[in-house]
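Contents: one structure, followed by commentary.
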Amino acid sequence: FSSQVATVTEYGAFIKIPGCRKQGLVHRTHMSSCHVDKPSEIVDVGDKVWVKLIGKEMKDDKLKLSLSMKVVNQGTGKDLDPNNISLDQDERKKRRFRDYTSQKITLEAVLNTVCKKCGCKGHFAKECFVQPGGTKYSLIPEEEEEEVAAAGYEREKKTSLVEDSSKKRKK
């Protein structure tokens with residue numbers, strides 16, 4: 001709607017709404033699509049401007065109206081953002097990243113459950129791989145793992161030598 005500037009402050013301009021005793025605020029971020037440092041450079045008291053109502057809020061039993069000039073063509077009064085897309089984008093830009101580093105996140109690799117099939121901790125019966133009456137496996141301590149791996153390597157080496165000698169005989 002077409003309205004008149006009532007007062008200009010350092011953070012925006014208060015606009016008289018026609019047919020109403022209320023005034024609404026056009027914040028300096030909603031005056032232009034460009035950055036505005038001083039609203040007094042854009043508007044003066046008594047200027048005729050086109051504005052769009054973008055928000056209303058009840059605070060302390062008073063109605064506060066938020067207006068915007070940047071989504072309205074100041075020459076014709078045509079709404080440049082009928083679906084409020086640019087306003088939604090502005091709201092998303094205002095959201096700040098929250099720093100959650102002070103909050104510790106603890107992850108547990110083993111569930112605090114006992115399987116009904118095998119009796120092992122850490123998984124549910126539907127995730128169990130043990131067949132009823134089957135073999136139960138447990139982890140080998142680290143020291144033994146190295147010995148087993150070394151023995152397996154030596155076995156592998158011997159079998160490869162045997163295979164090589166059998167290939168030579170066939171030729």
Side-chain angles (χ1 to χ4, degrees), residues 1-132 134 136-140 142 145:
F1 49 88
S2 178
S3 56
Q4 190 175 11
V5 178
T7 57
V8 179
T9 63
E10 61 188 40
Y11 52 86
F14 286 95
I15 309 293
K16 291 179 188 172
I17 298 173
C20 183
R21 290 183 293 164
K22 281 282 189 200
Q23 291 183 356
L25 173 68
V26 176
H27 193 265
R28 64 188 178 120
T29 58
H30 290 285
M31 285 188 162
S32 173
S33 56
C34 301
H35 180 74
V36 176
D37 283 326
K38 296 180 181 178
S40 59
E41 294 175 351
I42 305 292
V43 293
D44 288 322
V45 175
D47 286 354
K48 297 273 185 185
V49 293
W50 288 93
V51 293
K52 177 181 177 178
L53 180 67
I54 59 170
K56 55 185 177 180
E57 172 183 341
M58 285 295 292
K59 201 170 199 178
D60 301 329
D61 295 330
K62 291 182 181 179
L63 180 66
K64 293 188 175 191
L65 301 175
S66 298
L67 305 172
S68 177
M69 289 171 48
K70 75 178 179 181
V71 295
V72 181
N73 183 330
Q74 292 301 310
T76 61
K78 183 181 177 190
D79 188 2
L80 301 174
D81 189 25
N83 296 327
N84 297 328
I85 294 169
S86 67
L87 292 173
D88 291 341
Q89 289 173 345
D90 289 345
E91 286 299 317
R92 275 190 242 123
K93 286 179 189 175
K94 288 180 185 177
R95 294 183 190 143
R96 301 273 182 206
F97 172 75
R98 293 186 191 167
D99 186 17
Y100 291 108
T101 56
S102 62
Q103 298 175 356
K104 292 183 179 180
I105 298 174
T106 56
L107 299 175
E108 295 184 25
V110 178
L111 296 172
N112 193 14
T113 60
V114 177
C115 178
K116 292 179 182 176
K117 281 187 181 177
C118 66
C120 295
K121 291 185 178 181
H123 62 276
F124 297 109
K126 67 179 182 179
E127 299 168 348
C128 188
F129 58 89
V130 176
Q131 296 295 324
K136 294 182 184 178
Y137 297 97
S138 62
L139 295 175
I140 301 171
E142 290 182 19
E145 280 183 17

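The figures here come from the full heavy-atom set of this structure, side chains too, leaving out hydrogens, waters and symmetry mates.
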Find out whether Phe1 and Leu67 are in side-chain contact, i.e. whether some heavy atom of one side chain is under 4.5 Å from a heavy atom of the other. yes

Atom CD1 in Ile85, atom CG in Leu80: separation rounded to 0.5 Å? 12.5 Å

Yes or no on side chain to side chain contact (heavy atoms under 4.5 Å, CB included) for Lys70 and Ile54, after CA distance, side-chain angles and deciding distance? CA-CA 11 Å; Lys70 75 178 179 181; Ile54 59 170; over 6 Å; no

So which atom in Val71 and which in Asp79 form the shortest heavy-atom distance, rounded to 0.1 Å? O-OD1, 3.2 Å

With rounding to the nearest 0.5 angstrom, report the OG1 to CG distance, Thr7 to Asp44. 12.5 Å

Interatomic distance, CD@Gln4 vs NZ@Lys48, rounded to 0.5 Å, equals 5.0 Å

Given 3.5 Å as the limit, does a donor-acceptor pair link the side chain of Gln74 with the main chain of Trp50, or not? yes

Provide the closest heavy-atom pair for Pro18 versus Ser3 in the form atom of the first, atom of the second, distance. CD-CB, 4.0 Å

Among Ser40, Ser32, Cys34, exactly one meets side-chain contact (heavy atoms from CB on, under 4.5 Å) together with Val36. Which residue is that? Ser32

I need the minimum non-hydrogen distance between Asp81 and Ser86, along with the two atoms involved. OD2-OG, 2.8 Å

Check step by step if side chain to side chain contact (heavy atoms under 4.5 Å, CB included) holds for Val8 and Val45. CA-CA 7 Å; Val8 179; Val45 175; 4.3 Å; yes

Mind listing the closest non-hydrogen atom pair of Arg28 and Pro39 along with its distance? CB-CG, 3.9 Å

Quick one: are Asn84 and Lys52 in side-chain contact, heavy atoms under 4.5 Å? yes

Do you know which two heavy atoms are closest between Val72 and Val51, and how far apart they sit? CG2-C, 3.9 Å

Please evaluate residues Thr9 and Phe14 with respect to the criterion side chain to side chain contact (heavy atoms under 4.5 Å, CB included), reporting the C-alpha separation (whole Å), side-chain torsions for both, the decisive distance (0.1 Å), and the verdict. CA-CA 8 Å; Thr9 63; Phe14 286 95; 4.0 Å; yes

Under the side chain to side chain contact (heavy atoms under 4.5 Å, CB included) criterion, do Leu87 and His30 qualify, and how do the steps go? CA-CA 9 Å; Leu87 292 173; His30 290 285; 3.9 Å; yes

Return yes when atom CD of Glu57 has more than 12 non-hydrogen atoms of other residues, nucleotides or ligands closer than 6.0 Å, and no otherwise. yes

Distance check, rounded to the nearest 0.5 Å: Asp61 atom CG versus Leu63 atom CG? 11.0 Å

